[in-house]
Protein chains: 2
Amino acid sequence: MTREERRRRTEAAILLAAQEQFAEQGFERTTIRSVAGQAGVDPALVMQYFGSKEQLFGASARWTVDHKMLGSATREELPATALADMFEGFEDDVQRREAALALLRNCLTHPSAAGVMRDDVMCEAQAAVAGTIGGDDAELRAGVLGACMIGVTIARYLLEIPALTGATREDLERVLLPALRQVVDPG
Amino acid sequence: MTREERRRRTEAAILLAAQEQFAEQGFERTTIRSVAGQAGVDPALVMQYFGSKEQLFGASARWTVDHKMLGSATREELPATALADMFEGFEDDVQRREAALALLRNCLTHPSAAGVMRDDVMCEAQAAVAGTIGGDDAELRAGVLGACMIGVTIARYLLEIPALTGATREDLERVLLPALRQVVDPG
DNA sequence: TCGTTGAGTCAACACCCGTGGAGTGGAGAG
DNA sequence: CTCTCCACTCCACGGGTGTTGACTCAACGA
């Protein structure tokens, strides 16, 4: 194994460990030392690669934004697509799950996470959604759609409310989809 | 002013300062020193009155739960009542707003805040809601209703998404109420 | 083979935080 | 007026954190 390859591999291990701990314990409660420990590396190396704890978190958040892929959809498909994206992002792929949780967990307490959440996830993605919704209230309806999705995601994957975690995908679709359709298409 | 009265007044000032800072900066970023400073008091006094930073936060969270008053409602009134409670709790009364924000801001990163949110706010309140909804999916529907409300609250008052903050109460009612009715009454 | 480069380590610094214990001064009781 | 009590303060400790600079050693190029 070449030196450069080895370096990229440890850098990726550090980032993965950081994402996991940011996702589980939040920004403030994860320490550079514990991330380095989980990655099997000296704390100073984390600093050398990422510059600071803040920039390490920034890299983690950027990873999430880079790897979010929202499927395009017509107005009728929008609610089902949104729900499918949630399931895919939070249940199917492991690293995407950790990265998304890391962003969501900290978006209420960490300034840059809040910024990413507001600007990249909500505003930017919602602009596209608003375009496919159309009409006067398009931005508001897109915002409400996103807000409801965030609320359900938080309740199911972060707070782990029994009523939500105990539901299957089909349960959620049955209860949630008619409501979301009412949001995107009031007619 | 009697001595006991003076004591209760400074204790209340400390609690209010704590609620404001917990609400704005989160648990980890607020320090006993800064709370004491805002209350015009020595940091040691905060410890003497509340025991620890953890218990200070617990008192703040308990205040929220004690002062939440969910209006009872029939199934038809449920969505409108939920929305009205949100407006009342987050816009009308100053201290209730700060207290509710303090709980909500930290419910993803602070264990005891998450516990209060899950057990007292979601589960307990939702049990009552599920009772008035009735039917097979009652718990799930109550959970989804609560999750959507939390999502909208977070988007509007914590993340401050423009599409949500720019909407009037009537706008929100017009967009959200039909969807919530679809949740509580699928027929 | 030998010097160089760079991945990775080690020990320590400086800072800030929560917390504890001794001390102070003014209000209340007699 | 005097003694007592208690709200309140001062100061310092111990621990944990992010961060740094000097160091080690194996891989690479000539």
Side-chain angles (χ1 to χ4, degrees), chain A residues 1-62 102 105-106 109-113, chain B residues 1-62 102 105-106 109-113:
Chain A
M1 189 186 312
T2 173
R3 189 151 63 173
E4 186 187 350
E5 188 182 9
R6 179 118 192 111
R7 182 204 153 116
R8 276 184 317 198
R9 200 168 289 205
T10 65
E11 189 171 330
I14 293 174
L15 185 60
L16 180 60
Q19 286 174 334
E20 285 185 24
Q21 299 203 8
F22 286 147
E24 288 165 21
Q25 313 168 17
F27 178 82
E28 309 281 353
R29 294 176 130 82
T30 80
T31 68
I32 297 273
R33 284 170 166 84
S34 65
V35 168
Q38 182 174 335
V41 145
D42 191 90
L45 196 64
V46 178
M47 299 298 300
Q48 192 170 326
Y49 284 174
F50 292 91
S52 69
K53 186 187 179 186
E54 186 66 35
Q55 288 174 283
L56 175 62
F57 182 75
S60 166
R62 204 173 321 117
R105 171 88 63 193
N106 297 285
T109 41
H110 192 284
S112 98
Chain B
M1 190 186 313
T2 172
R3 190 147 65 172
E4 185 187 352
E5 189 182 7
R6 179 116 194 113
R7 180 200 155 117
R8 277 183 318 198
R9 202 168 287 205
T10 66
E11 190 170 331
I14 293 174
L15 185 60
L16 180 61
Q19 286 175 333
E20 285 185 23
Q21 300 202 8
F22 285 147
E24 288 165 19
Q25 313 167 20
F27 178 82
E28 308 282 352
R29 294 177 130 81
T30 80
T31 68
I32 296 273
R33 284 169 165 84
S34 66
V35 168
Q38 182 173 336
V41 145
D42 191 89
L45 195 64
V46 179
M47 301 296 301
Q48 192 171 326
Y49 283 172
F50 292 91
S52 69
K53 185 186 178 184
E54 186 66 35
Q55 289 174 282
L56 174 62
F57 183 75
S60 167
R62 203 174 322 116
R105 171 88 63 193
N106 298 285
T109 42
H110 192 283
S112 99

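Computed over heavy atoms, backbone and side chain alike; hydrogens, waters and symmetry mates excluded. Throughout, a chain's letter reflects where its sequence line sits, starting with A, and its residues are numbered from 1.
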Quick check: does any side chain N or O of [X] sit under 3.5 Å from a backbone N or O of [Y], one acting as donor and the other as acceptor?
X	Y	answer
A:Q21	A:S34	yes
A:K53	A:M47	no
A:N106	A:G26	no

Cation-aromatic face contact A:R7/A:Y49, 6.0 Å, 45 degrees: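 Yes - A:R7 lies over the ring of A:Y49, closer than 6.0 Å to its centre and within 45° of its axis.
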Please report, rounded to the nearest Å, how far the [atom2] atom of [N] is from the [atom1] atom of [X].
X	N	atom1	atom2	value
A:Q48	C:dC10	CD	P	14 Å
A:E11	C:dG6	CD	P	15 Å
B:E4	C:dA29	CD	C1'	16 Å
A:M47	C:dA7	CE	P	17 Å
A:I32	C:dC15	CD1	P	19 Å
B:D42	C:dG18	CG	P	14 Å
B:L45	C:dA22	CG	P	18 Å

Under 4.0 angstrom between B:R3 side-chain N/O and C:dA27 OP1 or OP2: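 Answer is no, no contact under 4.0 Å.
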Phosphate-side-chain proximity, A:T10 and C:dG8, N/O vs OP1/OP2 below 4.0 Å: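 Yes.
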Sugar-phosphate, base or nothing in reach of A:S34, heavy atoms under 4.0 Å: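 Here A:S34 touches no strand at all.
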Sugar-phosphate only, base, or nothing, as touched by A:Y49 at under 4.0 Å among non-hydrogen atoms: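 The answer is sugar-phosphate, as A:Y49 gets under 4.0 Å only of primed atoms, P, OP1 or OP2.
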More than 12 heavy atoms from other groups under 6.0 Å of CD on B:E5: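 Check passes, neighbour count above 12.
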5' to 3' contact window, DNA chain D with chain B (heavy-atom distance under 4.0 Å):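 Listed 5' to 3', the contact boundaries are D:dC5 to D:dA12.
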Donor-acceptor pair under 3.5 Å, B:R33 side chain vs C:dG18 base: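 Check passes, donor-acceptor contact within cut-off.
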Parallel, tilted or perpendicular: rings of B:H110 and B:F57 (30°, 60°):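 It falls in the tilted class, 30° to 60°.
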Gap separating the CD atom of A:Q48 from the CD atom of A:E11, nearest 0.5 angstrom: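 Interatomic distance, A:Q48 CD to A:E11 CD, rounded to 0.5 Å: 10.5 Å.
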